[in-house]
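In what follows, every heavy atom counts, from backbone to side chain, and hydrogens, waters and symmetry copies are set aside.
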Amino acid sequence: MARYDRAITVFSPDGHLFQVEYALEAVRKGNAAVGVRGTDTIVLAVEKKSAPKLQDSRSVRKIVNLDNHIALACAGLKADARVLINKARIECQSHKLTIEDPVTVEYITRYIAGLQQKYTQSGGVRPFGLSTLIIGFDPHTGIPSLYQTDPSGTFSAWKANATGRNSNSIREFLEKNYKETHGQETLKLAIRALLEVVESGGKNIEVGVMTKEHGLKQLEESEIDAVVAEIEAEKAAAEAAKKAPSTKET
């Protein structure tokens, strides 16, 4: 294996590109990120590591706008993310200037995935060590979309998905609990999914809510705390309801 994991362009005899697999490992060690698509709302929720006391937490955002109607969250290497986000933002503006129409979510996803794939096939470079969740509303039809890309350059559309640390656990939760939601219910589902692997509280979670009318809104810590408290109250009520019949029987 040692001979095949140094150069990005060399396949191993069993068909692996080891540098791409190492990039996927960097994603698995990154912060957890969740995306949930509702009928009128799309939510991104990301695990947030506690910031040092003297750091301005607003300067470390993991959910960012690419355009007025498109946003992105990522898991993996933040420095790589910054480069990819800047390239995607330039492409959004370039497309608008040339075509006189805003980009569709699929177009910018295809562009980002194409960039990631290009960096798996060229000598002298390494793959981007990040996976992205891209959300937005189609500028022509108003239909909400959620896409995921990974370091190999593949992309796919989802109703709900997770990436990063413990993403399999979150995905299992979403598979069991996902249903078509709107408004506040979409927000609750995304936060409930992230709370499967993250400690409760607004300090540990960053949330972005996108609607067609207002674009992306980043929730304040107090707003997240209020939703978390509501979720925990619902959970406590459900557990109490389960115990109630057995209490009557005794």
Side-chain angles (χ1 to χ4, degrees), residues 20-49 62-63 71-77 81 105 109 112-113 116 129-136 144-210 219 224-225 227-243:
V20 175
E21 292 185 13
Y22 297 158
L24 285 163
E25 192 57 38
V27 169
R28 281 191 281 271
K29 288 182 176 172
N31 55 276
V34 181
V36 179
R37 188 191 78 195
T39 53
D40 60 351
T41 309
I42 323 167
V43 179
L44 288 172
V46 182
E47 175 186 8
K48 189 167 73 174
K49 292 192 176 133
K62 293 177 181 175
I63 299 170
L72 174 148
C74 60
L77 304 178
V105 187
T109 302
I112 288 170
Q116 287 178 297
L130 77 153
S131 174
T132 67
L133 293 172
I134 302 162
I135 61 167
S145 300
L146 166 66
Y147 285 89
Q148 183 196 10
T149 73
D150 68 28
S152 66
T154 57
F155 72 93
S156 47
W158 296 78
K159 293 176 182 174
N161 198 13
T163 186
R165 186 175 70 85
N166 292 329
S167 58
N168 288 340
S169 305
I170 301 173
R171 208 172 290 120
E172 279 172 24
F173 174 86
L174 289 168
E175 283 169 5
K176 283 179 192 169
N177 296 280
Y178 178 83
K179 57 181 185 291
E180 286 289 336
T181 55
H182 62 276
Q184 188 76 354
E185 290 305 309
T186 310
L187 172 61
K188 278 189 195 172
L189 179 60
I191 292 177
R192 275 172 61 210
L194 196 58
L195 288 175
E196 290 290 296
V197 299
V198 175
E199 281 182 36
S200 185
K203 282 185 181 176
N204 305 311
I205 300 173
E206 184 179 330
V207 180
V209 179
M210 180 171 274
L219 296 194
I224 298 168
D225 280 332
V227 178
V228 170
E230 203 177 320
I231 290 166
E232 285 174 350
E234 283 174 11
K235 202 184 280 184
E239 281 174 15
K242 272 183 193 174
K243 286 175 187 175

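Two residues are said to be in side-chain contact when any heavy atoms from C-beta on lie closer than 4.5 Å; Leu133 and Val46 fail this criterion. At least one side-chain heavy atom of Arg192 sits less than 4.5 Å from a side-chain heavy atom of Phe173. Residues Ser131 and Gln148 meet the side-chain proximity criterion, which asks for heavy atoms closer than 4.5 Å. By the 4.5 Å heavy-atom criterion applied to side chains, Arg37 and Pro144 are counted as neighbours. The closest side-chain heavy-atom distance from Glu47 to Asn204 is not below 4.5 Å.
Taking CD of Glu206 as the reference point, atom CG of Leu219 lies at 10.0 Å (rounded to 0.5 Å). The distance from atom CG of Leu130 to atom OG1 of Thr163, rounded to the nearest 0.5 Å, is 9.0 Å. Put simply, OG1 on Thr186 and CD on Glu180 are 8.5 Å apart, with the number rounded to the nearest 0.5 Å. Distance check, rounded to the nearest 0.5 Å: CD1 of Ile63 to CG of Leu44 gives 5.0 Å. Note that the CG atom of Leu189 and the NZ atom of Lys179 stand 7.5 Å from one another [nearest 0.5 Å]. One finds the NZ atom of Lys62 at 8.5 Å from the SG atom of Cys74 (value rounded to the nearest 0.5 Å).
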For Val27 and Asp150: C-alpha separation, side-chain torsions, deciding distance, then whether side chain to side chain contact (heavy atoms under 4.5 Å, CB included) applies.
CA-CA 9 Å; Val27 169; Asp150 68 28; over 6 Å; no
Evaluation steps, side chain to side chain contact (heavy atoms under 4.5 Å, CB included), between Asn161 and Arg171:
CA-CA 6 Å; Asn161 198 13; Arg171 208 172 290 120; 2.7 Å; yes
Where do Glu239 and Lys242 land on the salt bridge (charged side-chain N to carboxylate O under 4.0 Å, His left out) test, with the steps shown first?
CA-CA 5 Å; Glu239 281 174 15; Lys242 272 183 193 174; over 6 Å; no
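Listed here is the closest heavy atom pair of Ile170 and Arg165: CD1-O, 4.4 Å. Scanning all heavy atoms of the two residues, the minimum distance from Val207 to Ala45 falls at CG2-CB, 4.3 Å. When all heavy atoms of Asn31 and Ala75 are compared, the closest pair comes out as O-CB, 3.2 Å. Of all the heavy atoms in Leu194 and Val34, the pair that sits closest is CD1-CG2, 3.8 Å. When every heavy atom of Val43 is checked against every heavy atom of Ala190, the shortest pair comes out as CG1-CB, 3.6 Å. The minimum heavy-atom distance between Ala23 and Pro151, with the atom names listed, is CB-CB, 3.7 Å.
A donor-acceptor contact shorter than 3.5 Å is absent between the side chain of Thr149 and the backbone of Thr154. Between the side chain of Asp40 and the backbone N or O of Gly183 there is at least one donor-acceptor pair closer than 3.5 Å. Remark: the backbone N or O of Ile135 is not paired with any side-chain donor or acceptor of Ser145 at under 3.5 angstrom.
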Could you tabulate the donor-acceptor pairs under 3.5 Å formed by side-chain atoms of residues 227-238, not counting sequence neighbours?
residue	atom	partner	partner atom	Å
Glu230	OE2	Lys188	NZ	2.7
Glu232	OE2	Ser200	OG	2.6
Glu234	OE2	Lys188	NZ	2.6

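A 6.0 Å sphere centred on CD of Glu199 holds no more than 12 heavy atoms belonging to other residues, nucleotides or ligands.
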